[in-house]
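Everything on this sheet refers to the single structure shown next.
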2 protein chains.
Amino acid sequence: MQLSNTSQYAIRTLTYMATHKEVQMNATQLSRVLDIPYKFLTKIMTDLVKVDLVESIRGREGGYLLKKQSREIALRDILTVFHDGIEQEQCILGIGVCSSLCKCALHDQWVAPKQQIQQMFEQTTLADIAGQGCKI
Amino acid sequence: MQLSNTSQYAIRTLTYMATHKEVQMNATQLSRVLDIPYKFLTKIMTDLVKVDLVESIRGREGGYLLKKQSREIALRDILTVFHDGIEQEQCILGIGVCSSLCKCALHDQWVAPKQQIQQMFEQTTLADIAGQGCKI
DNA sequence: TATTAATTCTACCTTTCAGTAGTAATTAGT
DNA sequence: ACTAATTACTACTGAAAGGTAGAATTAATA
Ligand code: SF4
Ligand code: SF4
């Protein structure tokens with residue numbers, strides 16, 4: 001019950017970029033600052049470029065930039081890229097597809113926490129968390 | 001962001017046993033009813049026996065029984081067996097160990113949902129969910 | 001144009017999770 | 001004692017996640 005490494009790395013990287021949006025960062029710098037393996041980070045960033053959350057500038061003096069306002073990027077947008085969100089149809093007990101017609105045993109206990117997490121991922125944007133906390 | 005297959009299977013199996021606690025079930029029956037691969041199920045059950053959540057009766061006419069009252073078995077107890085709970089020290093962004101002295105950027109948004117899930121797993125027992133829902 | 005620094009692509013390796021196979025150990029019934 | 005039915009143990013296979021390597025592509029600058 002936790003986020004995948006990939007999602008964690010993606011959130012941390014985009015959050016860091018949001019707190020320094022004036023500066024254009026490249027993969028080497030991000031990898032060093034955030035302590036994420038360089039090759040893994042570039043793979044993740046390429047995925048984020050493909051879904052238009054990040055703009056890449058290739059070649060010398062290249063790097064990455066957020067393609068939207070940090071206020072426009074919600075955590076959920078990042079998680080869906082890596083299929084790591086909590087989807088509405090997803091059954092917590094893994095019994096096929098969720099339908100409120102036929103619930104699983106945990107349904108009644110799960111709906112409230114589920115909704116709260118979903119809302120949190122939906123409503124929290126990079127602008128909300130950029131610069132917060134002391135861990136990077 | 002979901003429970004592992006193993007945890008899901010374990011919860012479903014123990015819940016089913018709790019709803020039929022008068023009857024002693026064996027692995028073959030459980031495997032058929034719950035549609036869980038037989039060999040995988042016995043492996044999981046063996047783990048649950050080792051931590052004293054389940055009692056096994058070996059040999060002919062053998063099977064499994066809950067070793068405690070279903071009211072005494074919380075979901076958290078099951079999840080911890082497979083290291084699938086949400087631990088207090090676990091950082092949602094994976095930045096080392098959680099300490100409220102040095103937070104991660106998501107801290108403020110995460111604490112509330114985190115606590116609600118933890119409470120749900122802690123307070124929900126097999127007795128609460130046994131027989132609920134129409135999926136097994 | 002050549003060099004250099006950057007991203008991107010393809011392919012691979014490693015570890016963990018999920019699942020399977022075979023056999024040994026245990027026990028009730030005959 | 002023997003057999004049949006059952007769990008436990010050991011070891012393996014397959015798939016997915018996590019991570020790595022190297023070459024290809026792009027573009028600024030000298
Ligand atoms: S918990 Fe209830 S709502 Fe969530 S998936 Fe299972 S059945 Fe559907
Ligand atoms: S979110 Fe806050 S509390 Fe949870 S781990 Fe990160 S820092 Fe610690």
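Protein chains get the first letters and strands the later ones, always in sequence-line order, with residue 1 at the start of each.
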What's the closest nucleotide to the side chain of A27(A) if the choices are dG18(D), dT7(C), dG19(C)? dT7(C)
Measuring to OP1 and OP2 of dG19(C), would you say a side-chain N or O of N5(B) lies under 4.0 angstrom away? yes
Any N or O donor-acceptor pair under 3.5 Å from the base of dT27(C) to the side chain of R58(B)? no
Is any side-chain nitrogen or oxygen of Y9(A) closer than 4.0 Å to OP1 or OP2 of dG19(D)? yes
Quickly work out the L48(A) CG to dT7(C) P distance and round it to whole Å. 14 Å
In terms of relative ring orientation, are Y9(A) and F40(A) parallel, tilted or perpendicular, with 30° and 60° separating the classes? perpendicular
Below the 4.0 Å mark, does dA6(C) have OP1 or OP2 next to a side-chain nitrogen or oxygen of Y64(A)? no
Check every atom of dT8(C), dG19(C), dG18(D) against the side chain of T6(A) and return the nucleotide holding the closest atom. dG18(D)
Assess the residue pair I11(A) and L93(B) against the criterion (side chain to side chain contact (heavy atoms under 4.5 Å, CB included)); give the C-alpha distance rounded to whole Å, side-chain angles, the decisive distance to 0.1 Å, and a yes or no. CA-CA 8 Å; I11(A) 293 174; L93(B) 294 186; 3.9 Å; yes
DNA chain D: 5'-proximal contact among L3(A) and E61(A) (nearest heavy atom): L3(A)
Considering every strand and a 4.0 Å limit on heavy-atom distances, what is the contact class for T28(B): base, sugar-phosphate, or nothing? nothing
For dG22(D), does the base pair up with any side-chain atom of K39(A) as donor and acceptor (N or O, under 3.5 Å, distance only)? yes
Closest to side chain of T46(B), choosing from dA18(C), dC9(D), dT7(D): dC9(D)
Start at the 5' end of DNA chain C and walk down; is the nucleotide closest to K50(A) or to K43(B) reached first? K50(A)
Length of the line joining I57(A):CD1 and dA28(D):P, which is rounded to integer Å: 10 Å
Between S56(A) and dT8(C), is there a contact of a side-chain N or O with OP1 or OP2 at under 4.0 Å? yes
Without decimals, in angstroms, what is the distance between I44(A) CD1 and dA17(D) P? 13 Å
Between Q2(B) (CD) and dA16(D) (P), how many Å, whole number? 13 Å
Just how far, in rounded Å, is C1' of dT20(C) from CD1 of I36(B)? 16 Å
Please tell me whether S4(B) and S7(B) have a donor and an acceptor in their side chains that are separated by less than 3.5 angstrom. yes
When you get a sec, tell me which of dA18(C), dC9(C), dA5(C) is the closest nucleotide to the side chain of R60(A)? dA5(C)
Between E61(A) and Q24(A), does any side-chain donor sit less than 3.5 Å from a side-chain acceptor? no
In terms of the nearest nucleotide of DNA chain D, which residue is placed more toward the 5' end: T42(B) or G59(A)? T42(B)
Could you state the CD-C1' distance from Q8(B) to dA18(C), rounded to the nearest angstrom? 12 Å
Take a 6.0 Å sphere around CD of Q90(A) and say whether it holds more than 12 heavy atoms from other residues, nucleotides or ligands. yes
Round to the nearest Å and state the distance from Y38(B) atom OH to dT23(C) atom C1'. 13 Å
When rounded to whole Å, the CZ to P distance for the pair F40(B) and dT13(D) reads 18 Å
Does the distance from a Lys or Arg side-chain N to an Asp or Glu carboxylate O, for R71(A) and D128(A), drop under 4.0 Å? no
